[in-house]
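Counting convention: from 1, in listed order, for ligands and their atoms alike.
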Amino acid sequence: MTSTDRRVVVLSTRDIPGDREHVVHNCEDCACPVSGERTARDLPALVADPLVRAGDVVEVPLDQEHFALFSPNGDGGVVVLDTAGRALLDTFADPTPASAVVAGSPALERAIQTLVGFDVLHPVGKPPTPRFESSTELTAWLHVTNKCNLRCPYCYVHKSDDSMDADVAKDSVNALVASAQRHGFRSLRLKYAGGEASMNAAVLLHLHDHALALCREAGLGLSAVLLSNGVALNGALVSALRTRDIRVMISLDGLGETHDAQRPTVAGKPSAALVLRTIDRLLAAGISPHLSITVTSRNIDGIADVVRMAVRRDLTFSVNFFRDNDCSASFDDLQYEEQAMVDGLDRTFAVIEELLPRRSVLGSVLDRGQLVAPRRRACGVGDDYVVIDQNGGIAQCHMEIARVVGDVRTDDPVSAIRSGTGVRNLLVDTKSGCRDCTWRHWCSSGCSAATFRATGRWDVQSPNCGIYRAIYPRAVRLEGLRILRYATTAD
Ligand code: SF4
Ligand code: SF4
């Protein structure tokens with residue numbers, strides 16, 4: 001073994017100071033669990049058992065001398081190796097005790113610990129297994145109004161003048177807090193949505209204050225986010241959000257005409273300039289908004305531009321693929337072609353590679369999937385996600401908000417969504433096409449509602465499967481380049 005006396009490079013996110021703060025754990029758009037927020041991983045002490053290279057490890061070249069490796073059957077995280085590190089790894093093609101390789105070198109010991117810690121090497125007979133964490137947070141989508149000042153063609157909401165009133169808001173919070181306690185959740189996450197939720201700002205703020213008081217009393221944590229189109233958030237509302245520490249997610253689908261092509265006002269006027277003004281206003285008030293970018297065939301060529309702006313301004317973002325629905329059915333230019341989507345994302349990834357932000361994009365660029373923590377389902381539907389409509393009706397998914405499975409005045413919301421039979425959010429390992437997929441614990445088969453709409457089945461892989469398989473290795477590459485750029489080594 002010649003690599004024992006050569007300096008090897010084996011890096012991970014552990015080598016980027018303070019890196020846990022640089023990961024986007026929640027796309028804000030959907031019901032994704034926030035299971036990515038884990039404690040920093042400790043590197044294991046080396047055992048006497050022989051070590052061997054894990055199977056199915058994905059390897060992506062970064063440049064002539066470096067490689068990014070990701071072990072899809074493990075617990076997540078990318079490691080970067082140089083050619084000497086790669087040679088070190090090859091030593092374990094056959095079972096070999098670490099002690100035979102380390103030969104008293106602390107650098108080699110740490111390199112091997114990193115490879116074991118990130119599931120690239122494992123003791124013989126003990127292959128890596130993912131750690132699926134059960135949810136401790138109940139997420140609720142509160143549909144505070146059916147009104148909206150925009151008319152986006154891909155929106156699934158049948159707009160009306162209906163809004164949640166103060167009584168329904170109070171009943172909803174009462175039911176959610178009681179339900180969270182009954183089912184053992186430790187915190188509540190509220191998403192204020194619509195329509196355009198800011199058009200019912202008074203009820204929204206009242207609702208939030210009531211939730212804060214009840215959660216305090218119940219010993220539950222509380223976090224909240226306003227999902228907004230960003231057209232008309234005035235200074236008073238921005239200040240009220242800031243005071244209450246309510247996060248803000250703004251929909252921005254491109255810059256200028258690209259955004260306007262799919263997010264016009266009710267009167268058919270452009271809205272991009274208004275949204276950019278709101279982003280400036282939020283930043284000036286000390287709120288860094290999260291950007292939600294919905295991709296259709298109309299704006300596919302402009303995604304890279306909005307991502308460039310987001311990275312330059314250090315804004316978090318998430319890229320979400322358009323999901324077909326009844327309201328959008330009459331627009332035949334929203335559905336994307338697979339190759340066009342892959343090409344548009346490739347251009348986006350090229351921008352990220354060029355700017356190479358310190359912030360990880362593993363939770364931002366993979367639609368409903370991510371490479372942060374393994375999951376068996378893409379979202380919390382039927383488990384830890386409740387949707388409440390403006391009348392107090394309980395639904396399982398906001399895309400299926402009309403399919404009511406209970407009422408906040410009479411039913412326990414969590415029991416209602418768990419026993420509801422509308423959306424079947426099956427485990428990825430039970431889906432045909434996904435069972436043996438390398439990416440199954442990361443993609444988790446995408447949005448169940450979108451799959452059912454496209455195929456009429458709940459138990460099959462996503463119609464976006466080809467796109468997902470194409471972009472996951474590219475995301476591993478971006479993470480590898482980021483580690484290479486920002487890691488600082490102790491020696
Ligand atoms: S949808 Fe495709 S990429 Fe995703 S888990 Fe299923 S087979 Fe894998
Ligand atoms: S089923 Fe789809 S639309 Fe509904 S919450 Fe899950 S990922 Fe989102």
Which of the numbered atoms in ligand 2 are below 4.0 angstrom from a heavy atom of [X]?
X      : result
His398 : 5 (S), 8 (Fe)
Arg368 : 7 (S)
Cys379 : 1 (S), 5 (S), 6 (Fe), 7 (S)
Met399 : 3 (S)

Within a strict 4.5 Å, meaning less than it, do heavy atoms of the Arg53 and Leu115 side chains meet? no
Should Arg308 and Leu355 count as side-chain neighbours, where that means a heavy-atom distance under 4.5 Å? yes
N/O/S from Cys447 sitting under 2.8 Å away from atom 6 (Fe) of ligand 2: no
For the pair Tyr468 and Tyr472, name the ring-plane relationship: parallel under 30°, tilted 30 to 60°, perpendicular over 60°. perpendicular
Pairing residues for Asp429 by the salt bridge (Lys or Arg N to Asp or Glu O under 4.0 Å) criterion, not counting sequence neighbours: Arg440
For atom 8 (Fe) of ligand 1, count the protein N, O or S atoms found under 2.8 Å away. 1
Non-hydrogen atom of Gln396 closer than 4.0 Å to ligand 2: no
Measuring from the heavy atoms of Glu400, does anything fall under 4.0 Å of ligand 2? no
Regarding Asn146 and Ser160, do their side chains bring together a donor and an acceptor under 3.5 Å, going by distance alone? yes
Verify whether one side chain among Asp119 and Asn73 offers a donor that lies under 3.5 Å from an acceptor in the other. no
Tell me, yes or no, whether the heavy-atom count around Arg453 atom CZ, taken from other residues, nucleotides or ligands under 6.0 Å, exceeds 12. yes
Measure centre to centre between the rings of Phe132 and His441, then say whether the value is under 6.0 Å. yes
Hey, is Arg347 close enough to Asp301 for a salt bridge, meaning N to O under 4.0 Å? yes
